[in-house]
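Keep in mind it's a predicted model, so treat the numbers as computed, not measured. In the text below, chain A, chain B and the rest are named by the order of the sequence lines, each starting its count at 1.
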2 protein chains.
Amino acid sequence: MAWDTEQTRRRLKEAATEEFAANGLNGTTVERIARRASVNKERLYHYFGDKEQLYAAILNDELVRIAEAVQLPSAEDMDVGEFAGRVFDYHSSHPHLARLLHWEGLSYAGKIPLQEKRTPYYTAKVDAIKAAQRAGGITDELDPADLAFMLIALAAWWFAVPQVVQMLTGQTGDDPADRAKQRAAVVIAARRLAHDPPR
Amino acid sequence: MAWDTEQTRRRLKEAATEEFAANGLNGTTVERIARRASVNKERLYHYFGDKEQLYAAILNDELVRIAEAVQLPSAEDMDVGEFAGRVFDYHSSHPHLARLLHWEGLSYAGKIPLQEKRTPYYTAKVDAIKAAQRAGGITDELDPADLAFMLIALAAWWFAVPQVVQMLTGQTGDDPADRAKQRAAVVIAARRLAHDPPR
DNA sequence: GAGTCCCCCAACCACAACGTTGGGGTTGCA
DNA sequence: TGCAACCCCAACGTTGTGGTTGGGGGACTC
């Protein structure tokens, strides 16, 4: 039987993504990753070095993925509501990234891995908002970076503290109808935040 | 020499709060807590059972603390901006709670510890908003629970993903001037979210 | 078909972390 | 003063986990 080393790597990565997103770096064991991938533990060390390096590789993959997936809204006819809605949708359908980012945020101790790769992704958003402010479509009551940040907050917070969602709204987050309602609220809120009336 | 068992308990709790907030449940070792508290490890097991029970006790303490600290705004003359500002201030001066909540959110798997104790704290806020909506001070474009949730999001997100703040705004979060600027943005954003113009 | 490279895996090692235990010191009470 | 209860701590047992190793055996080359 022929070997499929590429598939072995891929399966390890997929399993690792699941585990890391679910349990964080500390909460994940190498054994569980290997078992989930149906691959021997040693392969993991052989291909990726150690647990932390695998984690970095996973995070990098996910970041590339979202950078490709979320289109940048054009400056002129920017509908901030829909932008926030799309961010919400992305998180909703790709919960891994959001969770990895949150784990990272908590473990954050001053240095950001892959910073030079990631920063442009954010500054592009800020520039777009800045341009829209000049064009008059978006309020200039708020600093563009702050506005961008808070728009993301509106969309992402739901996935960060599901237990608070549960206690506040009674929604469990499993129901698609709940998600739709949440998304609608995010869109409205984003518009109120960014656009001056009349809306 | 007399024993001060109450102080021993307190020192363990304080040390545990620091460690858990910094490293989460999995990232914290009992030994480190004990060392930080200058207390023998065995005391921890004697007083609190085990690591998880200690964690629950800590979380409970912090929740009680914020419930006492953040006053409920009265329905009529509610300034949502200042409310969000105060939530921001609380998180700013007590970063432990936000981090504990966040760790919990990531580990959340369906059951909420101390739920019956915590829920009233949130529903009270929702009720206050609902009342203000009826009184006409707050928009009814948004569901009160959703609005409450997103107001908290605006205030708390800064402390959840500091690495994103860093990349978006260039602020490190250590500088009080940065915090003041962030707070101002939160207040403005909260007003835009909740109050109908003219503001 | 011999030699070589590489993939794979079971078993193993070292250590760190949770949790326990037995004994010694201290207090309060009879 | 004797005694029981309680506080404290150093040392230990046990388990789980990160990381390694040595060998078995396909696949390709000549």
Tell me: [atom1] of [X] to [atom2] of [N], nearest whole Å?
X: B/Leu44; N: C/dA17; atom1: CG; atom2: C1'; value: 13 Å
X: B/His46; N: C/dG22; atom1: NE2; atom2: P; value: 17 Å
X: A/Tyr55; N: D/dG18; atom1: OH; atom2: P; value: 15 Å
X: A/Asn26; N: D/dG16; atom1: CG; atom2: P; value: 18 Å
X: A/Glu6; N: C/dC8; atom1: CD; atom2: P; value: 11 Å
X: A/Arg35; N: C/dA10; atom1: CZ; atom2: P; value: 13 Å
X: A/Arg9; N: C/dC8; atom1: CZ; atom2: P; value: 11 Å
X: B/Arg32; N: C/dA16; atom1: CZ; atom2: P; value: 14 Å

Output all residues satisfying side chain to side chain donor-acceptor pair (under 3.5 Å) with [X], sequence neighbours left out; order by chain, then residue number.
X: A/Arg32; result: A/Glu19
X: B/Asp127; result: none
X: A/His91; result: none

Between N or O atoms, less than 3.5 Å apart, protein on one side and nucleotides 18-20 of chain C on the other: list the pairs.
unit_1 : atom_1 : unit_2  : atom_2 : d
C/dC18 : OP1    : B/Thr28 : O      : 3.3
C/dC18 : OP1    : B/Val30 : N      : 3.1
C/dC18 : OP1    : B/Lys51 : NZ     : 3.1
C/dC18 : OP2    : B/Val30 : N      : 2.9
C/dG19 : OP2    : B/Tyr45 : OH     : 3.4
C/dG19 : N7     : B/Lys41 : NZ     : 3.1
C/dG19 : O6     : B/Lys41 : NZ     : 2.3

Item to complete: Scan residues 41-53 of chain A for pairs that pass salt bridge (Lys or Arg N to Asp or Glu O under 4.0 Å), counting only residues two or more places apart or in two chains.
Response: A/Glu31-A/Lys41

Fill in: Test item: side-chain donor near acceptor, A/Gln182 and A/Gln171, under 3.5 Å
yes

Discussion item. Going by side-chain hydrogen bond (donor to acceptor under 3.5 Å, both in side chains), name the pairs with one or both residues in residues 154-163 of chain A, residues two or more places apart or in two chains.
Written reply: A/Gln163-B/Glu104

